[in-house]
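What you are looking at is a predicted structure, and each value in this text was computed from that prediction instead of being measured. This chain uses plain numbering: 1 for the first residue, then up along the sequence.
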Amino acid sequence: MSILSYFRKSEPSAPFAGDDEARMRLYRKLRLQSFIAGTVGYSLYYVCRTSLNVVKQPILESGALDASQLGLIGSALLFAYAIGKFVNGFLADHSNIKRFMAAGLCVSAVANLLVGLLGLANGGGLVGNMTLFVVFAVMWGLNGWAQSMGAPPAIIALSRWYPLSIRGTFYGFFSASHNLGEFLSFLFVGAVVGICGWQWGFVGSSLAGVIGVVIIVCLLHDTPESKGLPPIGVLTGEETAEESHHHASTSELQRSAIRNPLVWVLALSSAFMYVSRYAINGWGVLFLQEAKGYSLATATQVISVNALLGILGTVFSGWLSDRLFHGRRNVLAFGFGVLNTLALALFLYSGNGMFVNLLSMVFFGMAIGVLICFLGGLMAIDIVPREATGAALGIVGMASYVGAGLQDIISGWLIDSGKEVVDGVTRYDFSTAAVFWIAASALSFILALFVARRSRR
């Protein structure tokens, strides 16, 4: 069996032999399993992605790598993810989503394991610092590509198994999976690092990835047809607009989306928002340790609050904009963008009191949760025809992670250039990086206001 045939979409199986009631019972069971597998599986994808964010200070303290090198390593993942998200989105449409998603997480888990083992070899004097940096960067770039194999199959599962009438609700819950993954990463990986050392943090995240692979293999299902069930539109009696268009017209609509200036304004807005998002997720733990004297355990707990509260913002953002703002998501995005900027400033310039830092992460997490859902998805759907949604999301997604990758490089350079050694102890200055992060957040909400919902004839 060739690799292409192994990953190809499943062939239809013999029709289910039971009556209508038994068929619907099987359908509901399989779609719920697929939803659970996609949501939990993608959460564990995030544990394998954000493990580096937790271990930066221990790595710096060990002298194995400096802040500029860590910034380059982090950007390797984000740039590879940006390109892979666009490419793998197209590939996933033609694939067996169970095998596609499981393969990506398997590669990500192996990359984390190899980095952990390489770190142990470096600590034992068997591998030099430059070798550690080069191999780490290569493995983290490979991890970025593998990470881009997570979201497309999980979202396609929702499309294949859920009718239009309830798909949006489940999409909202699925969108919170990245917040859940970040929360688990800061708590679980942070605990492992605190007990065993930074190298074992990557080994622990690899174990989380293996658990995710098992869940995906056991619970995710490719298509209803592969289980002897009819396509979702036939099963529920709903007709989808996508099924009524020819490929030529879809291609024309995709080209029109690429030429739509609002798509590019939205892409820039999302890119600047991702600068602030990954500034906190990537450097927040180190900032609390260096600027405010927090321990690793306390710092990871504070930052994890933003990931946890982001779940609320993500889940309720679509409902809030539809019911209270009648689809005017740009106005709501502007408001939550302002809140995001104020929360970021509060975090960076307040004292070291636990309450004020937790409060800043509560507001920041809720704002980011809403903005990820709006800028990264719902507003793109509003401004382009439905048949061109994939093209718009590809542009916005690529721009978002290019912004996140540039943030890692620029932040690492700014933080490293401001360091000083006092009595043999290295101190890092975050003042210029803080200005960069706040300015990006402000540009994001200003640009979002110009992305109005397209008129419907």
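A heavy-atom distance below 4.5 Å is found between the side chains of Ile59 and Leu70. Side-chain contact between Val193 and Pro58 is present, with at least one heavy-atom pair separated by less than 4.5 Å. Put simply, the side chain of Asp429 does not reach to within 4.5 Å of the side chain of Ile415, judged on heavy atoms. Counting heavy atoms from C-beta on, the side chains of Gln69 and Phe136 never come closer than 4.5 Å. With contacts defined as side-chain heavy-atom distances shorter than 4.5 Å, the pair Phe7/Asn96 does not qualify. Taking 4.5 Å as the limit, some side-chain heavy atom of Phe79 sits within range of a side-chain heavy atom of Leu406.
Side-chain contact check for Ser43 and Ser177: no donor-acceptor pair (N or O, by modelled atom type) lies under 3.5 Å. In summary, the side chains of Trp283 and Asp408 do present a donor paired with an acceptor at a separation below 3.5 Å, with no hydrogens or angles considered. Looking at Ser411 and Trp437, their side chains do bring a donor and an acceptor atom within 3.5 Å of each other.
Note: Trp161 CH2 to Thr223 OG1 = 7.0 Å, rounded to the nearest 0.5 Å. Going from atom CD1 of Ile395 over to atom CG of Leu268 covers 11.5 Å, rounded to the nearest 0.5 Å. In this structure, CD on Glu290 lies 13.0 Å from NZ on Lys56, to the nearest 0.5 angstrom. Atom CD in Gln407 sits 10.0 Å away from atom CG in Leu414 (nearest 0.5 Å). For the atom pair OG (Ser226) and CG (Leu30), the distance works out to 8.5 Å, reported to the nearest 0.5 Å. Of the inter-residue distances, the one linking Trp198 atom CH2 with Leu60 atom CG reads 10.5 Å to the nearest 0.5 angstrom.
Between the Asp222 side chain and the Ile97 main chain, a donor and an acceptor come within less than 3.5 Å of each other. Side-chain atoms of Ser108 do not come within 3.5 Å of backbone N or O of Leu105 as any donor-acceptor pair. Not one N or O on the side chain of Ser185 forms a donor-acceptor pair closer than 3.5 Å with the backbone of Gly181. Distance alone, capped at 3.5 Å, places no donor-acceptor pair between the Lys85 side chain and the Gly397 backbone. Ser269 places no side-chain N or O within 3.5 Å of a backbone atom of Val265 that could act as its donor or acceptor partner. The closest donor-acceptor contact from the side chain of Asn53 to the backbone of Val285 lies at 3.5 Å or more, if one exists at all. Checking side-chain atoms of Ser95 against main-chain N and O of Phe100 turns up no donor-acceptor pair under 3.5 Å.
Note: Phe35 and Phe174 fail the aromatic proximity criterion, with ring centroids not under 6.0 Å apart.
Ala146 and Gly104 make their closest contact through CB-O, 3.3 Å (heavy atoms, listed as atom of the first residue, atom of the second, distance). In this structure, Cys48 and Gln147 approach most closely via the heavy-atom pair CB-NE2, 3.8 Å. What you find for Trp145 and Gly84 is that their closest heavy atoms are CZ3-CA, 3.4 Å. Between Thr300 and Gly190 the shortest heavy-atom distance is CG2-CA, 4.3 Å.
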side-chain contact (heavy atoms from CB on, under 4.5 Å) evaluation trace for Leu346 with Val356
CA-CA 8 Å; Leu346 181 64; Val356 70; 3.7 Å; yes
Begin from the C-alpha positions of Leu65 and Ile73 and carry the test side-chain contact (heavy atoms from CB on, under 4.5 Å) through to its verdict.
CA-CA 10 Å; Leu65 299 169; Ile73 289 169; 3.7 Å; yes
Evaluation steps, side-chain contact (heavy atoms from CB on, under 4.5 Å), between Phe445 and Met273
CA-CA 8 Å; Phe445 71 72; Met273 181 268 291; over 6 Å; no
Going by atom type alone, with no hydrogens or angles, which donor-acceptor pairs under 3.5 Å involve a side-chain atom of residues 331-343 and a protein atom two or more places apart or on another chain?
unit_1, atom_1, unit_2, atom_2, d
Asn340, ND2, Ser276, OG, 3.4
Asn340, ND2, Ser441, OG, 2.8
Thr341, OG1, Gly337, O, 3.0
Thr341, OG1, Ser441, OG, 2.7

Side-chain donor-acceptor pairs under 3.5 Å in residues 119-130, sequence neighbours left out?
unit_1, atom_1, unit_2, atom_2, d
Asn122, ND2, Val127, O, 2.9
Asn122, ND2, Asn129, OD1, 3.0
Asn129, ND2, Gly63, O, 2.9
Asn129, ND2, Ala64, O, 3.4

Table please: side-chain donor-acceptor pairs of residues 200-215 below 3.5 Å, with sequence neighbours left out.
unit_1, atom_1, unit_2, atom_2, d
Ser205, OG, Asn112, OD1, 2.7
Ser205, OG, Gly201, O, 3.4
Ser205, OG, Phe202, O, 2.8
Ser206, OG, Ala109, O, 2.8

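Geometrically, Arg49 engages Tyr81 in a cation-pi contact, judged by NZ or CZ lying under 6.0 Å from the ring centre and within 45° of the ring axis. Annotation: cation-pi geometry satisfied between Lys292 and Phe347 (NZ/CZ under 6.0 angstrom from ring centroid, within 45° of ring axis).
Here the options are Tyr294, Tyr349, Phe430, the test is ring-ring contact (aromatic ring centres under 6.0 Å, His included), and the partner is Phe287; only Phe430 passes.
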